[in-house]
Protein chains: 2
Amino acid sequence: MIKLAVVDDHPIVIQGIVSLINNLENMQVVGSFQSGSALISFLNTHEIDIVLLDVMLPDVNGIELCAQVKKLSPKTIVIAISNHTERSIIMQILQNGASGYILKNASVEELKNGIETALRGELAFSKEVIEIIAKPSVNDLKGRPKFTKREKQILQLIAQGKTTASIAEELFLSPLTIETHRRNMMQKLDVKNAIELINIATEQLLI
Amino acid sequence: MIKLAVVDDHPIVIQGIVSLINNLENMQVVGSFQSGSALISFLNTHEIDIVLLDVMLPDVNGIELCAQVKKLSPKTIVIAISNHTERSIIMQILQNGASGYILKNASVEELKNGIETALRGELAFSKEVIEIIAKPSVNDLKGRPKFTKREKQILQLIAQGKTTASIAEELFLSPLTIETHRRNMMQKLDVKNAIELINIATEQLLI
DNA sequence: TTTTTTCTACCTGATTTCAGGTATATTCTG
DNA sequence: CAGAATATACCTGAAATCAGGTAGAAAAAA
């Protein structure tokens, strides 16, 4: 019997996956979780064949969580389930050891096939994902730059629509410092205004 | 037998709801759709007791779709299923005739209870939603301003991080015109920069 | 067909962001 | 400990946004 674990912060989605799996003869969902940390602590005491994980979770993002899972339990197969269609996200999660990437708007057949494909040791993708992978993007070449804690903190405030001055006040810093951080981030992502900064950073799960 | 229809652009979510309903004795999902228009054309030829609808759909938002459903078939019970926690969204969809509002991170029990509650003619909410409704927000008083087509069009380009100049070029308009539209929208939402404009507009489903 | 709304364009001036730097103290890391 | 990375702050100047108007033409609604 193949043992699965499911991670998704939406119970209804878990319900959907569980009911899908239970229709299959040789598989069983033995654990479902709404956060990455819950999954990790479960994996410490249980052996799991396949993990289906949502890329957008409240505590960690799928890229990091996938790496954690593979580190903890290298033979566990990880399949990402996501809404994100950014090529770089897909590629990075695959590099971190995922065996598949299936979009949430994929049909249930696609998901079912994906699980079976991954079980055979192949890579599993939903149709749309294959198209995304097929055409390389210029943005990928940049890689995924790292933001420091301070930068992330400031980015979040920028994303809320706060001005440099008010952020400076809130963090007890000079406005010039805030500007420097903003500009450093903009340079890292090669964008030319704050809105683009937020958009790209959000896409790349940098916030 | 109570007949349900489900609208959600994620087949897995539909799967979850269907499996949930099928466990109940007296209900049956007779139609599931991935867009608002698909639901509407179905309702033209079928009588449905309950519609479960996702608020974020590719074609229309839940506020408008709910109104359409109630107009077409006033006795059909509508329950919104959403991630949005903005009070104004909840209140508006209720004003448009919805009988409930359940968050996607609600437990399956909450959803089940909600459906039964709505069936009894009461309003059904998940726990979190009750808290949101309980405390009135200052933002609600403003109501939901309407954006014109042109304004929405420009707002979308702003949201992509484009500058006034490039938007003007793209739409064959004067940059001053773009600025005027942006400022008019900012005034309508009572915000003081473009990022806030995008945030609030997105929250309020104005884009 | 009036009236209203929408779309368009402009003016002026204040404020903010953007872009190129430099620089120093601190903290992390090999 | 030495070097690298991080966090902080400043300078200058250009560009863009923000805020307050006004105003006419076109489209939609009454």
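Protein chains get the first letters and strands the later ones, always in sequence-line order, with residue 1 at the start of each. Side chains included, hydrogens not; waters and symmetry mates left out as well; all remaining heavy atoms used.
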Review point. Thr177(A) near the nucleic acid: base, sugar-phosphate alone, or nothing, with a heavy-atom cut-off under 4.0 Å?
Key: base

Practice item. Determine: side-chain N/O of Arg183(B) to OP1/OP2 of dG20(D), distance under 4.0 Å, yes or no. Key: no

Exercise for review: May I ask you to check whether Glu64(B) and Asn61(B) show a side-chain donor-acceptor distance below 3.5 Å?
Suggested key: yes

**Study point:** Separation of dA5(D) C1' from Met185(A) CE (nearest whole Å)
**Key:** 16 Å

Point to revise | Integer-rounded Å distance: dA7(D) C1' and Ile154(A) CD1 | key: 9 Å

Check your understanding: In whole angstrom, what separates Lys192(B)'s NZ from dA14(C)'s P?
Key -> 21 Å

Point to revise | Option from Leu39(A), Val51(A), Leu53(A) for which side-chain contact (heavy atoms from CB on, under 4.5 Å) with Phe33(A) holds | key: Leu39(A)

Check your understanding: Which of these nucleotides, dT17(D), dC10(C), dT17(C), is closest to any side-chain atom of Leu176(B)?
Key -> dC10(C)

Review point. What is the distance from CG of Asn184(A) to C1' of dT8(D), rounded to the nearest Å?
Key: 11 Å

Point to revise | d(CE, Met186(B); P, dT15(C)) in whole Å | key: 15 Å

Review point. Can Glu151(B) and Lys188(B) be counted as an ion pair, charged N to O under 4.0 angstrom?
Key: yes

Check your understanding: Rounded to whole angstroms, how far apart are CD1 on Ile195(A) and P on dA15(D)?
Key -> 20 Å

Check your understanding: Do the side-chain N or O atoms of Thr164(A) get closer than 4.0 angstrom to the phosphate oxygens (OP1, OP2) of dT17(C)?
Key -> yes

Point to revise | Distance in angstrom units between Ile167(A) CD1 and dA9(D) C1', rounded | key: 16 Å

Practice item. Give a yes/no on whether any side-chain N or O of Ser174(A) is located under 4.0 angstrom from OP1 or OP2 of dC10(D). Key: yes

Check your understanding: Can a salt bridge be assigned to the pair Glu196(B) and Lys192(B) using a cut-off of 4.0 Å between side-chain N and carboxylate O?
Key -> yes

Practice item. Respond yes when some side-chain nitrogen or oxygen of His181(A) is under 4.0 Å from OP1 or OP2 of dT8(D), and no when none is. Key: yes

Study note, to complete from the structure: By nearest-nucleotide position on DNA chain C, the 5'-leaning member of Leu171(B) and Lys162(A) is Leu171(B)

Study note, to complete from the structure: Rounded to whole Å, the NZ-C1' distance (Lys146(A) to dT29(C)) equals 14 Å

Check your understanding: Contact class for Arg150(A) vs. all strands (heavy atom < 4.0 Å): base, sugar-phosphate, or nothing?
Key -> sugar-phosphate

Practice item. Identify whether any heavy atom of Ala194(A) sits under 4.0 Å from a base atom; if not, whether one sits that close to sugar-phosphate; answer base, sugar-phosphate or nothing. Key: sugar-phosphate

Check your understanding: Can we say Asp8(B) and Lys104(A) salt-bridge, meaning some charged N sits less than 4.0 Å from an Asp/Glu carboxylate O?
Key -> no

Practice item. Could you check whether Glu179(A) gets within reach of a base, just the sugar-phosphate, or nothing at all, counting any heavy atom under 4.0 Å? Key: base

Point to revise | Along DNA chain D (nearest heavy atom to each residue), the more 5'-positioned of Asn193(B) and Thr180(B) | key: Asn193(B)

